[in-house]
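The figures here come from the full heavy-atom set of this structure, side chains too, leaving out hydrogens, waters and symmetry mates. By convention here, the first residue in the shown sequence is residue 1.
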Amino acid sequence: MNIAVFASHGGSDLQAIIDGCKNNQINARVSVVISNNGNSMALQRAEAEGIPAYHLSANKSGNEEALATEILDILAKYNVEMIFLAGYMRMLHISVLEKYNNRIFNIHPALLPKFGGKGMHGMNVHTAVIKARESETGVTIHRVNAEYDSGEIVAQTTVPVLKNDTPEILAARVLDREHEFLVEVIADIVNGEITLG
């Protein structure tokens, strides 16, 4: 299966997916990487692995519709069958959502439906979890629709929140589990245990 990974920043989740494919944990390959940030580590990671990588944004394309057309053209070029959003900080255009209905997945560093929605990303999530005095948090993988973090949840895993956690310490613990978990879940999607389309 050909997977497209969309990422905006560091790309550590992308690296976990690439490594999972290389060591045969995932029976698929990352065929293309797309980022809305020309300086993202994700693009550098893709290039280091010999994976086609594109910086695409509405600013470069002119508007959201033109950006969506470029994205769809690239996905078609690389015969993409599934899209994984790994820290992609943009809403996808409706035309992309419709074309890849039920085939777009996102990873979120909390147990949705808690601590989701617009603005709930990165350290904001972990700060909110600690402020709410939660005893556990975790990682959610869900299908993507036209509303932030509200698509069907396909898998979750829990991570403990410890008494002296700071947002940074908690973020590191969640990220460690995130890297393992996304490989497990993408493997299940590729193997048909979680259905596509």
A.B. asks: Using side-chain heavy atoms (C-beta onward) and a distance below 4.5 Å, is Asp13 in contact with His179?
C.D. replies: yes

A.B. asks: If I take atom OG1 from residue Thr69 and atom CD1 from residue Ile74, how far apart are they, to the nearest 0.5 angstrom?
C.D. replies: 11.0 Å

A.B. asks: Looking at side-chain heavy atoms only, is the closest gap between Met41 and His9 below 4.5 Å?
C.D. replies: no

A.B. asks: Does Asn37 offer a backbone N or O that forms a donor-acceptor pair with the side chain of Ser35 under 3.5 Å?
C.D. replies: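 Flag set: sc Ser35 to bb Asn37 pair under 3.5 Å.
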
A.B. asks: Counting only heavy atoms not in Asn27, do more than 12 sit closer than 6.0 Å to its CG atom?
C.D. replies: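 Incorrect, the count does not exceed 12.
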
A.B. asks: Has His55 got a side-chain atom pairing as donor or acceptor with Gly38's backbone, closer than 3.5 angstrom?
C.D. replies: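 Here the side-chain-to-backbone pair exists.
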
A.B. asks: When hydrophobic residues are tied together by side-chain contacts of less than 4.5 Å, even through go-betweens, does Val154 share a cluster with Phe181?
C.D. replies: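 Yes; tracing contacts between hydrophobic side chains, which count when under 4.5 Å, links both residues.
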
A.B. asks: What is the ring orientation for Phe84 with Phe105, classed by angle as parallel under 30°, tilted 30 to 60°, or perpendicular over 60°?
C.D. replies: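 The arrangement is parallel - the two ring planes meet at less than 30°.
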
A.B. asks: Just how far is it from atom CG of Asn145 to atom CG of Leu97, taken to the nearest 0.5 Å?
C.D. replies: 7.5 Å

A.B. asks: Tell me if a side-chain donor or acceptor on Glu81 pairs with a main-chain N or O of Asn2 at a distance below 3.5 Å.
C.D. replies: yes

A.B. asks: Ile169 and Asn164: which non-hydrogen atoms are nearest, and at how many Å?
C.D. replies: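 Reported closest heavy-atom pair: CD1-O, 4.5 Å.
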
A.B. asks: Count I, L, V, M, F, W, Y as connected when their side-chain heavy atoms are under 4.5 Å apart, and connections chain through other members. Are Leu92 and Leu67 then in the same cluster?
C.D. replies: yes

A.B. asks: Testing the basics here: between Glu64 and Ala58, what is the closest heavy-atom pair and its distance to 0.1 Å?
C.D. replies: OE2-CB, 3.5 Å

A.B. asks: Judged by atom type as modelled, is there a donor-acceptor pair below 3.5 Å linking the side chain of Arg143 to the main-chain atoms of Glu152?
C.D. replies: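 No, Arg143 side chain to Glu152 backbone: no donor-acceptor pair under 3.5 Å.
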
A.B. asks: Is it the case that the side chains of Asn79 and Ser31 hold a donor-acceptor pair, with the cut-off being a distance below 3.5 Å and no angle test?
C.D. replies: no

A.B. asks: How close do Leu112 and Thr140 get, heavy atom to heavy atom, and via which atoms?
C.D. replies: N-OG1, 3.1 Å

A.B. asks: Do Tyr88 and Val96 belong together in a cluster built from hydrophobic side chains that touch within less than 4.5 Å?
C.D. replies: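 Cluster IDs for Tyr88 and Val96 match.
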
A.B. asks: Determine whether the side chains of Ser95 and His93 contain a donor N or O and an acceptor N or O closer than 3.5 Å.
C.D. replies: yes

A.B. asks: Can you tell if the side chain of Ser61 reaches within under 4.5 Å of the side chain of Glu70, non-hydrogen atoms only?
C.D. replies: yes

A.B. asks: Can Leu14 be reached from Phe6 by stepping across I, L, V, M, F, W or Y side chains whose heavy atoms are under 4.5 Å apart?
C.D. replies: no

A.B. asks: For the residue pair Val183 and Ile17, establish whether any side-chain heavy-atom pair is separated by less than 4.5 Å.
C.D. replies: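 Result no, sub-4.5 Å side-chain heavy-atom pair not found.
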
A.B. asks: Hey, what do you get for CG (Leu85) to CD1 (Ile34), rounding to the nearest 0.5 Å?
C.D. replies: 10.5 Å

A.B. asks: Taking the side chain as everything from C-beta on, heavy atoms only, tell me whether Lys99 gets closer than 4.5 Å to Leu72.
C.D. replies: yes

A.B. asks: According to a 4.5 Å side-chain heavy-atom criterion applied to Ile, Leu, Val, Met, Phe, Trp and Tyr, with indirect links allowed, do Ile83 and Val144 form part of one hydrophobic cluster?
C.D. replies: yes

A.B. asks: Measuring from Leu56:CG to Asp73:CG, what's the distance to the nearest 0.5 Å?
C.D. replies: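 Leu56 atom CG to Asp73 atom CG measures 10.0 Å (nearest 0.5 Å).
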
A.B. asks: Dump the intermediate steps for side-chain contact (heavy atoms from CB on, under 4.5 Å) on Val190 and Asp188, then the final yes or no.
C.D. replies: CA-CA 6 Å; Val190 171; Asp188 286 346; over 6 Å; no

A.B. asks: So that I can tick it off, tell me whether Glu49 and Arg29 are bridged by a salt bridge, with the cut-off set at under 4.0 angstrom between side-chain N and carboxylate O.
C.D. replies: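 No salt bridge links Arg29 with Glu49.
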
A.B. asks: Tell me the closest heavy-atom pair linking Val125 and Ala110, and the distance in Å.
C.D. replies: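 Shortest heavy-atom contact: CG1-CB, 3.5 Å.
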
A.B. asks: At what distance, to the nearest 0.5 angstrom, does CD1 of Ile104 lie from NE2 of His142?
C.D. replies: 11.5 Å

A.B. asks: Compare every heavy atom of Val159 with every heavy atom of Val174, then report the nearest pair and how far apart it is.
C.D. replies: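 In this case the closest contact between Val174 and Val159 is CG2-CG1, 4.1 Å.
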
A.B. asks: Minimum heavy-atom separation for Asn36 and Ser57, please, with both atom names.
C.D. replies: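 It is O-CB, 4.0 Å.
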
A.B. asks: Answer whether the closest heavy-atom distance between the side chains of His108 and Glu178 falls below 4.5 Å.
C.D. replies: no

A.B. asks: Would Ile189 and Ile26 satisfy side-chain contact (heavy atoms from CB on, under 4.5 Å), going step by step from the backbone distance to the final call?
C.D. replies: CA-CA 9 Å; Ile189 295 167; Ile26 302 171; over 6 Å; no

A.B. asks: Give a yes or no on whether a salt bridge exists between Glu134 and Lys114, defined as a side-chain N under 4.0 angstrom from a carboxylate O.
C.D. replies: yes

A.B. asks: I'd like to know if the side chain of Arg45 and the backbone of Gly10 have a donor-acceptor N/O pair within less than 3.5 Å.
C.D. replies: yes

A.B. asks: In the structure I gave you, are the side-chain heavy atoms of Pro109 and Val139 within less than 4.5 Å of one another anywhere?
C.D. replies: no

A.B. asks: Could you grab the distance from atom CG of Asn102 to atom CE of Met82, nearest 0.5 Å is fine?
C.D. replies: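 With rounding to 0.5 Å, CG (Asn102) is 12.5 Å from CE (Met82).
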
A.B. asks: Among Asn124, Leu111, Asp165, Val161, which one satisfies side-chain contact (heavy atoms from CB on, under 4.5 Å) with Val129?
C.D. replies: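 Checked Asn124, Leu111, Asp165, Val161 against Val129; only one passes side-chain contact (heavy atoms from CB on, under 4.5 Å): Val161.
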
A.B. asks: Could you check whether any side-chain N or O of Ser8 sits under 3.5 Å from a backbone N or O of Met89, counting only pairs where one atom can act as donor and the other as acceptor?
C.D. replies: yes

A.B. asks: With heavy-atom distances below 4.5 Å as the criterion, would you say the side chains of Tyr100 and Leu75 are in contact?
C.D. replies: yes

A.B. asks: With no hydrogens and no angle check, do the side chains of Gln25 and Asn23 hold a donor and an acceptor under 3.5 Å apart?
C.D. replies: yes

A.B. asks: Please lay out, stage by stage, how Ile51 and Ile18 fare under the test side-chain contact (heavy atoms from CB on, under 4.5 Å).
C.D. replies: CA-CA 10 Å; Ile51 296 167; Ile18 291 168; 3.7 Å; yes

A.B. asks: Dump the intermediate steps for side-chain contact (heavy atoms from CB on, under 4.5 Å) on Leu196 and Met1, then the final yes or no.
C.D. replies: CA-CA 12 Å; Leu196 281 175; Met1 183 182 291; 3.5 Å; yes

A.B. asks: If we count only N and O atoms by modelled type, under 3.5 Å, do the side chains of Thr137 and His126 hold a donor and an acceptor together?
C.D. replies: no

